[in-house]
Amino acid sequence: MYISDIDEAVSRIAAAPFVADEFPFDFIAAYDAPPATITRIRNGTQNASDIDGGVLWRQKLHLLVCDAGQINEALARLLGSRATATQKAKFLLATDGVEVAAHDIDAEDTIFFPFSELGNRFGFFLPLAGYSRYKAADDNPIDVKAANRLRRLYDALIAENPEWEGDAKRHAMNLFMTRIIFCMFAEDTGIIPEHLFARTIHDHGGHAGEEMVHVLTSIFTAMSIREGERGDMPRWATDFPWVNGGLFAGDIEVPRFSRTAFRTLTEAAGLRWNEINADIFGSMIQVIVDPAHRHETGMHYTSVPNILKVLDPLFLDELRTEASRPALADNSREKARLKALLTRLSKIRVFDPACGSGNFLVIAYQELRKIERQVLDRLRAITGHAPGIWSHIELHNFYGIEISDFAAETAKLSLWIAKFQMDRAHRDMFGSAPPSLPLTDSGNIHNGNALAQDWLGACPAPISVNHRQKMPNLATAVDAHGTEEVIDGEVETYIVGNPPYIGARKMNDVQKAEMRTVAQGYTNKWTNIDYVGGWFIRAMQYSETVPNVCFAFVATNSLCQGQQVPTLWPILLENSLAIRFAHRSFKWINNAPKKAGVICVVVGMDRVHGGARTLFDGNLRQEVSTINAYLLPLPNIYIDERTAALCELPPMDFGNMPLDNGNLLIEPAEIEDFQSDPVASTFVRPIVGSKEAIRSIDRYCLWIEDDRIAQALAIPEIDRRIEATRVFRAGSPRPQTRSKARTPYKFGEIRQRNADHIIVVPSASSERRPYLPVLYMPGETIVSNLAFMMFDAPLWTISLIASRMHLLWIEAVCGKLKTDYRYSNTLGWYTFPVPSMSQADYKRLESCAENILLARAEVGGSIAEQYDPNNMHQLLIDAHTANDEAVESLYSGRGFRSDGDRLGHLFRRYAKLTADERGQEVDPEFALGMEGAA
DNA sequence: TATCCGACATGAG
DNA sequence: CTCATGTCGGATA
């Protein structure tokens with residue numbers, strides 16, 4: 001939908017019923033003057049994919065085009081009045097030179113960037129899918145062009161040097177490539193001659209030579225003349241007489257250049273390299289030169305908004321606030337304040353122990369430099385002249401650990417590029433650029449495995465010294481400019497990053513061994529902890545040694561759910577760490593064509609107690625007094641698995657697991673054959689898992705009692721299926737499965753019991769559903785391992801499970817499948833705190849349950865249809881409302897104000913009920929209400 | 001193409 | 001003997 005008139009757009013949106021998934025616009029583009037391309041698209045004369053690479057349109061995003069000057073008003077009206085907690089609308093907000101207030105674009109999926117970069121951002125990811133197909137847009141996506149040319153260069157070099165394919169050779173090639181890229185970049189910025197060659201100039205008696213690319217070009221030209229022959233050409237980069245600013249130090253071998261490679265290099269050198277986006281460029285280079293990982297690198301590249309979810313609340317927001325605080329009336333005091341802020345900025349260290357190609361570090365560096373410029377500018381306004389000082393934010397205070405050697409090289413490169421770009425901005429603002437350090441002083445990026453080492457090796461603790469000297473970094477001493485002593489306590493270290501996520505049960509042996517090393521001594525249940533949890537533990541250890549450490553990582557949300565919570569979080573929270581801020585579950589999003597299907601959280605921790613804590617949930621932001629491991633604004637409490645109910649609840653069993661490779665299950669197309677046979681039909685039973693229960697699907701399985709084996713085997717089709725099951729089980733690497741091969745005629749795990757009726761709770765259910773599904777089924781039904789079952793349980797259990805209270809508990813305490821509810825008997829049912837009930841209470845709940853079942857029968861259809869959140873029948877709504885009232889009246893005479901209130905009550909009750917076994921008094925904080933809870 | 005569940009068996013208690 | 005788990009995976013609307 002394209003609407004250029006903002007008033008019309010707003011009124012249309014206002015008139016539309018606000019349903020999250022039907023929000024009419026995903027993409028708001030603002031133009032000062034709509035470019036011709038948009039007009040052509042609107043008129044249908046240009047294929048939309050030509051300007052955006054097809055990404056947007058493949059996702060069926062809708063476009064609202066409005067005038068740039070109106071974007072703020074439009075957003076205020078759209079978001080201000082309509083934003084709700086459930087809003088999931090995606091705003092790909094593109095503006096050109098228009099400032100948009102941050103609060104307006106706080107929506108979960110918002111991506112915010114200047115329109116001129118639109119092509120870049122989308123174009124950049126197309127290379128991951130096959131960027132040769134990419135057609136450059138009018139907006140000149142320089143990153144993509146650069147990527148294309150570098151890839152061609154790289155491929156040409158590989159083709160010319162087939163022996164470079166080995167690991168070591170490949171690494172040499174990668175080193176060479178990153179240096180080449182830097183040469184092109186630096187040459188373009190014009191900074192190279194006086195700084196990069198400083199040493200060379202000295203060594204060669206003032207013979208600075210020409211700009212680096214010219215030097216290289218001439219050499220390559222000579223090489224290309226002797227195509228394929230090395231002859232007497234330099235073999236090592238260190239042999240280049242002028243190329244010796246440290247950039248080509250070490251044993252970097254020079255690959256042979258073909259004419260094609262040479263031509264590609266000169267083409268690439270012709271681009272405007274200083275317009276490259278340093279933040280994403282690192283990922284791009286990595287993708288280009290590392291074809292084996294093109295796919296996954298793209299998938300796992302952390303988008304800028306997600307990086308800022310970590311950096312902003314951790315330290316940038318605070319610094320920005322400080323930098324833009326209204327001036328003190330007294331000029332000299334204001335000057336002192338600003339200078340103190342500059343000093344503070346110079347003493348900040350950022351450390352990413354899973355830095356990849358350095359995106360977090362680059363963004364952090366850029367943002368700090370921006371803040372510094374702002375402060376310097378204010379200082380200039382007071383003193384009336386240019387500050388006369390260079391940037392005090394030094395690359396060597398940016399630390400990283402990266403397991404891939406090439407990514408580590410790329411991270412250094414990206415930091416150089418970021419520095420040059422920031423220096424240029426500095427020069428534009430203040431007329432002169434800070435001096436460049438020798439290039440060897442890049443970020444402190446260590447190539448290694450972060451979990452396998454003590455982080456102090458990669459990012460040493462700051463120490464104080466008395467003498468003045470120029471120091472390579474804060475870790476070993478003082479102010480980088482040697483003018484000031486650095487006192488321990490003043491150095492701030494922020495650990496950030498997006499470590500790899502590998503499920504606790506999905507690690508390979510090496511990774512498991514790492515986790516054991518990291519977690520041993522804290523818990524013996526470390527096998528339950530996701531790989532990313534290891535980073536939290538390492539960060540904790542680091543913060544025990546180094547003062548002023550705060551850290552925040554992006555992680556899978558499973559870290560804050562289910563089993564992992566009582567295992568991992570006590571380690572952290574009982575070692576005097578506290579959660580300073582957190583982003584609750586959000587979908588992983590970047591612009592890669594194939595996104596990782598993962599749900600993330602961001603958790604930031606510190607050792608400062610008290611003070612405000614910030615909890616982000618979608619586009620909601622809450623200041624709270626405490627955040628627990630479930631990322632709820634409640635005191636710490638861990639819900640441990642139980643094997644029997646805490647309260648008086650009937651047992652609930654895990655369903656029956658076929659372990660059959662599908663052979664014991666009968667598909668709908670096959671059921672006819674069985675049912676038409678009077679003998680075979682006696683071996684068939686209906687089976688339900690989550691899907692069957694929720695969508696009312698009929699499905700069947702073979703169910704053969706021990707005493708009827710012979711009879712069953714006499715039927716050829718059944719015999720065939722049993723044999724297939726046996727073969728399958730016998731071939732398993734798991735001893736337990738192999739032993740089941742002896743009884744291939746029955747399910748691998750059987751917990752079914754004879755019963756009159758079974759209450760079935762599907763294990764997975766959509767998060768959109770307002771209540772958990774729970775069904776009353778006849779006793780002959782077999783329940784699969786995708787559901788839980790209670791045999792002949794009283795009806796009032798349905799009332800409890802179907803209540804809002806229970807849903808909230810399950811959501812908070814159990815694991816998740818993506819963001820959907822995942823039921824668990826041990827984590828959710830047996831732990832569910834229920835008040836003691838009278839006979840009258842039971843009766844009342846039973847009648848509520850009956851009413852729900854009756855309403856369902858009346859409404860008809862499947863659970864999925866009945867509980868469609870957009871279309872729930874009033875009868876059913878009423879039945880559930882009455883049920884909720886009945887259940888909640890058991891807990892509280894005066895009812896609850898909000899879900900936060902309900903959840904707080906449940907946690908409080910749980911804490912009380914388990915106080916004895918936990919050997920603790922009831923946490924006094926639980927006496928507080930749940931004010932402020934979401 | 002997004003949503004909604006499912007399998008699938010593994011590992012660990 | 002039990003059951004949570006998945007930088008998942010498939011099916012389907």
Side-chain angles (χ1 to χ4, degrees), chain A residues 21 55 57-61 88 90 295-302 498-507 512 524-532 554-558 561-564 567 587-590 592-600 640-643 651-662 665 687-695 697 699 728-729 731-740 748-751 762-769 773 784-788 814-830 863-864 867-869:
Chain A
D21 297 331
V55 174
W57 267 258
R58 275 205 303 280
Q59 294 178 350
K60 288 190 191 149
L61 297 185
K88 298 284 185 196
K90 285 181 191 143
H295 184 63
E296 55 190 75
T297 310
M299 279 165 69
H300 302 155
Y301 154 80
T302 315
N498 179 27
Y501 314 156
I502 304 171
R505 310 280 161 76
K506 295 225 158 179
M507 282 178 245
K512 271 184 213 156
N524 52 10
K525 296 210 288 181
W526 53 269
T527 45
N528 275 345
I529 304 177
D530 191 294
Y531 200 47
V532 63
V554 190
T556 42
N557 63 350
S558 36
Q561 286 165 4
Q563 271 191 336
Q564 298 212 37
T567 315
K587 284 197 175 75
W588 174 261
I589 188 162
N590 64 20
K594 190 171 158 58
K595 284 179 282 232
V598 62
I599 310 296
C600 301
D640 279 300
E641 300 173 77
R642 308 185 83 86
T643 49
M652 180 187 284
D653 285 317
F654 195 77
N656 305 282
M657 190 184 286
L659 205 62
D660 66 333
N661 205 21
L665 300 178
I687 184 169
V688 289
S690 289
K691 187 184 199 171
E692 293 80 16
I694 288 170
R695 305 211 174 158
I697 295 167
R699 202 167 176 210
F728 166 72
R729 289 183 188 168
S732 166
R734 185 197 193 208
Q736 191 181 335
T737 303
R738 281 202 302 274
S739 74
K740 302 282 183 195
E749 293 177 18
I750 297 176
R751 277 170 287 272
S763 72
S765 172
S766 168
E767 61 169 332
R768 297 176 61 241
R769 228 156 262 150
S784 87
N785 60 325
L786 279 314
F788 294 86
C814 291
K816 296 264 174 79
L817 196 53
K818 305 249 190 216
T819 49
D820 292 340
Y821 307 122
R822 180 175 218 153
Y823 203 86
S824 157
N825 51 352
T826 58
L827 283 167
W829 178 243
Y830 291 155
I863 293 276
Y867 289 87
D868 178 348

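Throughout, protein chains are lettered first and strands after them, A, B, ... in sequence-line order, and every chain is numbered starting at 1.
Residue A:F788 is in sugar-phosphate contact alone, with no base atom involved, counting any heavy-atom pair closer than 4.0 Å across all strands shown. Using a 4.0 Å heavy-atom criterion, one finds that A:S558 contacts the sugar-phosphate atoms exclusively. Contacts of A:I694 with the nucleic acid, taken as non-hydrogen atoms under 4.0 Å apart, involve only primed sugar atoms and P, OP1 or OP2. Across all strands shown, A:P735 has no heavy atoms under 4.0 Å from either base or sugar-phosphate atoms.
A:R642 and A:N825 are not linked by any side-chain donor-acceptor pair at a separation below 3.5 angstrom, with hydrogens and angles left out of the test.
The side-chain heavy atoms of A:Y830 and A:P651, taken from C-beta on, include a pair separated by under 4.5 Å. Counting only heavy atoms from C-beta outward, the side chains of A:F788 and A:W829 never approach each other to under 4.5 Å. At a threshold of 4.5 Å between non-hydrogen side-chain atoms, the residues A:I687 and A:E692 do not count as touching.
For C:dG9 and C:dT5, the C1' atoms lie 14 Å apart once the distance is rounded to whole Å.
In this structure, CD1 of A:I863 is placed 15 Å from C1' of B:dC4, rounded to the nearest angstrom. Atoms CD (A:E767) and P (B:dT3) sit 9 Å apart, rounded to a whole Å. The separation between A:I502 atom CD1 and C:dA4 atom P is 23 Å, rounded to whole Å. Atom pair A:K818:NZ and C:dT5:P shows a separation of 16 Å (rounding to whole Å applied). Summarising the geometry, the separation between CD on A:Q563 and C1' on C:dC3 is reported as 8 Å, rounded to the nearest angstrom. In this structure, A:K506 places its NZ atom 8 Å from P of C:dC8, rounding to the nearest Å. Atom CG of A:L827 and atom C1' of C:dT5 are 11 Å apart (whole Å). Spacing between atom OH of A:Y830 and atom C1' of C:dA4 amounts to 15 Å, rounded to whole angstrom units.
In this structure, B:dA7 makes no Watson-Crick or G-U wobble pair, since no nucleotide meets both defining distances under 3.5 angstrom.
Note on A:R751: every side-chain N or O is 4.0 Å or more away from OP1 and OP2 of C:dC1. Taking 4.0 angstrom as the limit, A:S765 places none of its side-chain polar atoms (N or O) nearer than this to OP1 or OP2 of B:dC4.
Expressed to the nearest 0.5 Å, how far CG of A:L665 lies from OG of A:S784 amounts to 8.0 Å. For the atom pair A:T819 OG1 and A:I599 CD1, the distance stands at 5.0 Å (nearest 0.5 Å).
Of the possible polar contacts, none joining the A:R751 side chain to the A:N656 backbone as a donor-acceptor pair under 3.5 Å is found.
When the nucleotides B:dA7, B:dC4, C:dA4 are ranked by their closest atom to the side chain of A:R699, B:dA7 comes out on top.
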* **Nucleotide-resolved protein contact map, nucleotides 8-13 of chain B, B/S/- at heavy-atom distance under 4.0 Å** => -BBBBS

